[in-house]
Structures are given as structure tokens and as C-alpha cells.
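We count ligands from 1, going down the list as the structure has it; atoms in each ligand are counted the same way. As the structure is a computational prediction, the values presented were derived from the model and not from experiment.
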Amino acid sequence: MKITNRWKIKKVLQEGKDETDVLVKGWIRTRRDSKGGFSFIEINDGSCLKNLQVVTDHSMDGFEAASKKLHTGSCVGFIGKLVLSPGKEQSVELQANSIEVYGEADPEHYPLQKKHHSFEFLREIAHLRPRTNTFGAVMRVRNRLSYAIHNFFQDEGFVYLHTPIITANDCEGAGEIFQVTTLNPGSPPMLDGCVDYSQDFFGEKTGLTVSGQLEGEVFAMALSEIYTFGPTFRAENSNTSRHLSEFWMVEPEMAFYDLEDDMDLAESFLRYLLKDALENCSEDLEFFNKQIDKTILERHRKIVDNKFERISYSEAVQLLGKSNKKFKYSVKWGSNLQSEHERYISEEVFNNPVIIYDYPEEIKPFYMKINDNGKTVRAMDVLLPKLGEIIGGSQREDDYDVLLKRMKFKKLNSEDYNWYLDLRRFGSAPHSGFGLGFERLVQFVTGVENIRDVIPFPRTPKNARF
Ligand code: 4AD
Ligand code: MG
């Protein structure tokens, strides 16, 4: 009998019946030989966490030739009959009657031999770590979250917008831009002692985007509600478990939303994503709950069912001032909140997601709407227990004169932003938006400690090898 339709292992385990003939393909996870002339081979094809157990009779045609290649890591295909499994671990197993070896993995050299490898070790073999349980599960959750993000916004009528990767703007004004140039770094053309960027590829100094927001605003001022979901780049020398040099950001931008509406959207968005993950990634989340953090399922359920806390920046500073906890960085009104402060508030004070709003003007970018007090801007950050900041957003300054003044104050060359100012010159509207760090979301949902372990190929200072 020739079967050509491959069944994915997920389908085999969910739909496979006694006596069904199937073809399966995958990578060997373990092999155990019994004295009675059988080998029990577990294979995985990444379609789900569980392996399929394949029972091979040593007298089967072709087994002898294949046997010496059947190691952990080898890639194989089996045709056989499903039988109800006597073991509790799986519903069915496969009794093989033919085998094909596609690629052997020499046990002397294949690095994934143990059941558990450290995250640090796996980072060194970023090209092989997708074949581990943990990394496979992370990637399936990451995939589902991407899908859910699109579903959420599409259901709400938002338009998905592709903003440019190469840009001449520094949206956040933090000077963390990776430059894009075709000039010879050794001898660039000079003019009055400075590099002459008019001779560069784009005729001006350009870099990789730190955020799609400014371009997003252009389209919100025409389509009302848009979102971006793309890579962003920051040349920030932060070697922490929450920073990447290349990360993915989701940025909705909405006309006619004030800060209140912005916070409401951010909250319902996060609750939607957690609910979706609980419903659609249960096998993988149960694995994380067992292997990584025994509290994640409970924490996610609680977030889905409860409202977030909301406090102003000034209230947050008061809470920190009153606390007996020793912080590495002291806080006074006007200073940036460090992640230790954010975690203290969300984890210890409230043990719940917290939105902090109305930040001091000096520590936030030029585009945020200034409050009547002249001291604070209509900014908000969403903080999650165990993680800290996951979302940063604001109502945007929509008054032409005020914006121009703020740009001058922040020492921006308003000439470069004429197009952005035009949005306030022609048909301006109150509008708001936010950015969600996608890898931080994946970290939170899976409980994985280090952000380097939730993206296929992490880019961090001194590391862009694979
Ligand atoms: O707070 P940020 O810098 O806000 C913006 O870029 C705004 N333009 C967003 C907007 O209003 N449209 O970044 C937004 C989020 C942060 O809350 C964080 O989750 C994530 O992006 N983020 C990073 N994630 C990983 N590595 C980094 N280096 C990150 N920097 C920011
Ligand atoms: Mg921020």
C-alpha cells in the first residue's frame, strides 16, 4: 500500500483512530530498544508539543539498514497503522511497516542529546534550539499571539498599515538609531568638518525605525483607526532580560480617542490576547506552567477576569516614597521610573496590571499632549507583574502652536517635521495610540525569563551572529 498524504502529528493525536493507515514524518526525540525485538521511537514534527510513539518491529522490511541511523535528531518518515495506545501518555501509537531515513544526526556531534538543556546553552545553537520542547512551544504561542493581534484589530475595524523600516525620523528622540548608509565609513565625504549626508544614498542621514508611530498618525488622520505590527530597532546598550536591539512592536493609532479611550483599548487588547492564548495554546501553556513558572495559568486567568489598576505618575511616586523597600535608584518627582519601581508597584502594591498615566513632560517625547498644568503630558504605561512595562502610549499633541513650541523646547528641527506639523495644520483631530512590545508579551504569556528566548534570532549588543 502506498500512502502519500502526510498526517501532522497533531492531527494523528487528535483525530487518529484505531486501524487508520498514516504516513508521518518528523525528527526523532528518543529511541528505546526492547529485548523482544522492538524499538520504541518518539518523533516530533513541531505541530504540537507531544511526540508520536512509533513501534518498529526489528523484522520489518528495511529496519536493519535503517536502524544504525535512527538516533535522537535524525529525520525520518514512517508508514504504518495506528493502534490505540496502552500507555496513558498518548491516545494512539503507530505500528510501523515501512521506514525512510531522510537525514541522520550523528550522535557523536548532535548537540541536543539531553532531556533538559539550559537556555544559555541553547542560545549558542540558535539554529537547533527550535527542535526542543520549550522553544517549539514558545514559537507556537508566539505564532498564535500574532494571529490573535490581527484578529483583535480586524474585528474592531482597524486597518493594518505597513510603515517604513528605513526612515529619517527619530520618533522617540532618544538618539538610539542604527544608521543606514552606503558611504564608506573609512573616508566619508566631508563638508565643513561634518559628514556630508547629501552625498549618501538617500541624500540625508537615515536609519532603521525605532517606531512606526509618526507614520501611523498620518494614516489615522485619514482612515481613523490603524495598527502597525513590524520590526523596530534600537541601538540602546541595554543588556537586560527585557531589551532587544531588534524587536517587534504593535502600534495602534486612533483618531478621536483621548487618553482614557487609549487606556481602555490597551486594557481590553491585553485581556483579549491572554484569553485567546488560554483558549488556543492550552497544551503549551500547561507545559510552561509545569516547567517554568507554576503560577502563570492562574495569573493569566486573574487578569482576564479583573480590571487593571490606574494611578497617576504623581501617585506612583508617592507610593514609592512611602515604601520601606530599598531601591537601587531613588525616586523623586520628575525622574524616570526604573523597572524595579515598576515591578514593585505592579507586583507588590497591587499584584495586578497597573496603568500609570500623566508623566512629567521632561521625561517624555515631544509628541505627547501637554496637560493644562503645563507640567505633565497625557502619557500612559501599562505595567505587568513579573515583567514591568509592556505598553507605552499617549494622547498626541494636536494643537499646531503647542506642538511647534514643544519641538523647539526639545531642540528638534521643526523643518524636518513639516509633514508631521501639517497633520495639525489641516484637519487636526484629537488622537491617541500606543506601542506594545511583542516579545515582552510572549515573555509574559509563556513565563520565559529572558527576552532572548522568545524571538527566533535575538539581536542584542555584540550579538547578531545567526
Ligand atoms: O515605550 P516605547 O518606547 O513607545 C514607543 O515607541 C511609542 N512610539 C509607541 C506608541 O505610542 N505608538 O515602546 C513601546 C513598547 C514598550 O512598552 C516595550 O514593551 C517595547 O515597546 N520596547 C522594547 N521591547 C524590547 N526591547 C526593547 N529595546 C524595547 N524598547 C521598547
Ligand atoms: Mg516606554
State plainly whether the residues [X] and [Y] are in salt-bridge range, i.e. N to O under 4.0 Å.
| X | Y | result |
| --- | --- | --- |
| Asp381 | Lys364 | yes |
| Arg406 | Glu361 | yes |
| Asp453 | Arg123 | yes |

For [atom], what's the nearest protein heavy atom and its distance?
| atom | value |
| --- | --- |
| atom 1 (O) of ligand 1 | Glu389 OE2, 3.1 Å |
| atom 9 (C) of ligand 1 | Glu251 OE2, 3.3 Å |
| atom 20 (C) of ligand 1 | Gly437 CA, 3.5 Å |
| atom 26 (N) of ligand 1 | Leu244 N, 2.9 Å |
| atom 15 (C) of ligand 1 | Gly435 O, 3.6 Å |
| atom 18 (C) of ligand 1 | Arg440 NH1, 3.4 Å |
| atom 4 (O) of ligand 1 | Glu172 OE1, 3.8 Å |
| atom 6 (O) of ligand 1 | Arg234 NH2, 2.8 Å |

Counting from 1, what ligand 1 atoms have a heavy atom of [X] closer than 4.0 Å?
| X | value |
| --- | --- |
| Gly392 | 1 (O), 9 (C), 10 (C), 11 (O), 17 (O) |
| Arg396 | 10 (C), 11 (O), 12 (N) |
| Glu236 | 28 (N) |

Q) What's the verdict on salt bridge (charged side-chain N to carboxylate O under 4.0 Å, His left out) for Lys369 and Asp258, showing C-alpha distance, side-chain angles and the deciding distance? A) CA-CA 10 Å; Lys369 187 166 184 64; Asp258 65 12; over 6 Å; no
Using a heavy-atom cut-off of under 4.0 Å, does the side chain or the backbone of [X] touch ligand 1, or both, or neither?
| X | answer |
| --- | --- |
| Arg242 | backbone |
| Tyr367 | side chain |
| Phe247 | side chain |
| Ile391 | backbone |
| His243 | both |
| Glu253 | neither |
| Lys364 | neither |

Q.
Over 60° means perpendicular and under 30° means parallel, so tell me whether Phe152 and Phe269 are parallel, tilted or perpendicular.
A.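 Ring orientation of Phe152 relative to Phe269: tilted.
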Q: On the 0 to 90° scale, with breaks at 30° and 60°, tag the Phe158-Phe153 ring pair as parallel, tilted or perpendicular.
A: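 Judged by the thresholds at 30° and 60°, the geometry between Phe158 and Phe153 is tilted.
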Q: Could you go through the side-chain contact (heavy atoms from CB on, under 4.5 Å) check for Thr206 and Ile177 one step at a time?
A: CA-CA 9 Å; Thr206 51; Ile177 311 264; over 6 Å; no
Q) Closest heavy-atom contact between Thr209 and Pro231? A)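 Shortest heavy-atom separation between Thr209 and Pro231 comes out as CG2-O, 3.9 Å.
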Q: Taking all heavy atoms of Gly334 and all of Pro360, pick out the closest pair and write down the distance.
A: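 What the structure gives for the nearest pair is CA-CG, 3.8 Å.
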Q) Would one find an N, O or S atom of Glu389, in either backbone or side chain, under 2.8 Å from the Mg ion (ligand 2)? A)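 Yes, Glu389 qualifies, because one of its backbone or side-chain N, O or S atoms lies under 2.8 Å.
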Q.
I want to check something: taking the side chain as every heavy atom from C-beta on, are Phe444 and Leu270 in contact at a cut-off of under 4.5 Å?
A.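 No, every pair of side-chain atoms sits at 4.5 Å or beyond.
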Q.
I'd like to check whether Ile451 has a polar contact with ligand 1, where a contact means an N/O of the residue lying under 3.5 Å from an N/O of the ligand.
A.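 There is no such contact.
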(Q) When you compare ligand 1 with Ile390, is there at least one nitrogen or oxygen pair between them that comes in under 3.5 angstrom? (A)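 Yes, Ile390 has an N/O under 3.5 Å of an N/O on ligand 1.
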Q: Take every heavy atom of Glu439, measure it against each atom of ligand 1, and state whether any distance is under 4.0 Å.
A: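 Checking ligand 1 against Glu439, which is what was asked, there is no heavy-atom contact under 4.0 Å.
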Q.
Has Glu225 got a side-chain atom pairing as donor or acceptor with Met254's backbone, closer than 3.5 angstrom?
A.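 No; judged by distance alone, with no hydrogens or angles, the pair does not exist.
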Q. Is atom CZ of Phe327 surrounded by more than 12 heavy atoms (other residues, nucleotides or ligands) closer than 6.0 Å?
A.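 Yes, because the 6.0 Å sphere around CZ of Phe327 holds more than 12 heavy atoms from other groups.
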